[in-house]
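Below: one structure, written as structure tokens.
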Amino acid sequence: MSSYKIAVIPGDGIGKEVIPEGIRVLEAAAASAGVKLSFTHFDWSCETYHQTGRMMPVDGLEQLRGFDAIFLGAVGFPGVPDHLSLWGLLLPIRRAFNQYVNLRPVRLFEGLQSPLANKKPGDIDFYVVRENVEGEYSAIGGIQYEGTDEEVVLQQSVFTRKGTDRILRYAFELAQSRDKKHLSSATKSNGLFHSMPYWDKRFADMAEDYPEVKTDQFHIDIFTANLVRMPEYYDVIVGSNLFGDILSDLGPACTGTIAIAPSANINPEKEFPSMFEPVHGSAPDIAGQNIANPLGTVWAAAMMMQHLGNQTMHDQIMAAMEAVIREGKALTRDMGGTASTQELGQALVDQIASG
Ligand code: ATP
Ligand code: MG
């Protein structure tokens, strides 16, 4: 019997409401697949920050290191500046565990209405592959002449050859494995003088290793416009930390709700645990009301099982999601229904038990 040890960090806001549903669904799928899952909870959050001045203990990363995967809700809440909560928990985990791939699938499910006219399931089905540990998201820089009229703020981006090549390689491999074999690169080489021409050059060089993959590149501004105008054009998209982040909120917005989108922070070499979370944040505006959509978390749970090598559980969870969305009886408010977070979780559990 295969068994997996999962570290669970529900975090803040609706993270605390959607994670229990993700766990229920995982347990239902594990029971039917004959898999043993053990969950260890870490209550690290903005509350921890208020009590201790830190988002997680000094040895937090050490505590996580031995797990097979990390299952995360959401981090950040009003009262703690976003950059402190992110740099106190999420970003150190991504970096310490070399989770340099952020994989974010985007799909229009049957039963959901795209805000874009005339889009059917199948028209929107792509992956965003986002560079996850370097690029524009950096703490290098600072402020000079602070408090004077001459204030200058510098914010450095970092693009290493290793970091650029490994994310491009991952994206090319993914594109190669798909039917359309089409990879689009998000760039801005007319505005970012050093980093993006470098990215473009590495992309063009690597394309030579993948003659079957059709490639193109778009500046991020027209890329966002294209994604809304013709999402069916895209198959695999690769972008830097910032551009990938932008595209992976825009993508799910085109599928009816950002709340179903998952985010896998992957260490492809499996030297360290990878981390799985919904794309959405802690949503303070709806926290505590039992109306949050747990599907982003559930889809993330499916990706976690796939990463751990259990395709059966992945497929089972995805099939349950598809069926429950298609049926439309237990949808949360953001998807046009009236179900609570827990009712939607229960519908998935029932679906798995009956399938
Ligand atoms: P972050 O910076 O952490 O990504 P954010 O500021 O982008 O956070 P979210 O917390 O993702 O914001 O919320 C954006 C909007 O989407 C809010 O109005 C929120 O209520 C809604 N939302 C987010 N997640 C869900 C969910 N799971 N179910 C329903 N609505 C959600
Ligand atoms: Mg956001």
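The figures that follow rest on heavy atoms only: side chains count, while hydrogens, waters and symmetry mates do not. Counting starts at 1 for both ligands and their atoms, following the listed order. Sequence positions, counted from 1, serve as the residue numbers for this chain.
Taking the ring axis of Tyr100 as reference, the NZ or CZ atom of Arg166 stays within 45° of it and closer than 6.0 Å to the ring centre. With Phe109 as the aromatic partner, Arg107 meets the cation-pi criteria of under 6.0 angstrom to the ring centre and within 45 degrees of the ring axis.
Residue contacts with ligand 1 include Ser282, since one of its heavy atoms falls under 4.0 Å from the ligand.
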Inset, instruction - List the steps, then state whether salt bridge (Lys or Arg N to Asp or Glu O under 4.0 Å) holds for Lys119 with Glu232. - result: CA-CA 9 Å; Lys119 297 300 171 206; Glu232 60 279 5; 3.1 Å; yes
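Taking CG from Asp165 and CZ from Phe203, the interatomic distance works out to 12.5 Å, rounded to the nearest 0.5 Å.
Salt bridge present: Arg178 and Asp235 bring a charged side-chain N and a carboxylate O closer than 4.0 Å.
Looking at Asp82, Ile258, Ile286 and measuring to atom 29 (C) of ligand 1, the nearest heavy atom belongs to Ile286. The closest heavy-atom contact to atom 19 (C) of ligand 1, among the options Asp245, Asp285, Ile14, comes from Asp285.
Taking only nitrogen or oxygen atoms, main chain and side chain alike, Gly281 reaches within less than 3.5 Å of ligand 1.
Listed by atom number, the atoms of ligand 1 under 4.0 Å from Ala283 heavy atoms are 10 (O), 19 (C), 20 (O), 23 (C). Taking every non-hydrogen atom of Ala292 and a distance limit under 4.0 Å, the qualifying atoms of ligand 1 come out as 28 (N). Residue His280 approaches ligand 1 through these ligand atoms, each under 4.0 Å from one of its heavy atoms: 11 (O), 23 (C), 24 (N), 27 (N). Near Ala259, with a cut-off below 4.0 Å to any heavy atom, the atoms of ligand 1 are 25 (C), 26 (C), 27 (N), 28 (N).
Taking the six-membered ring for Trp and the full ring otherwise, the centers of Phe243 and Phe218 sit at least 6.0 Å from each other.
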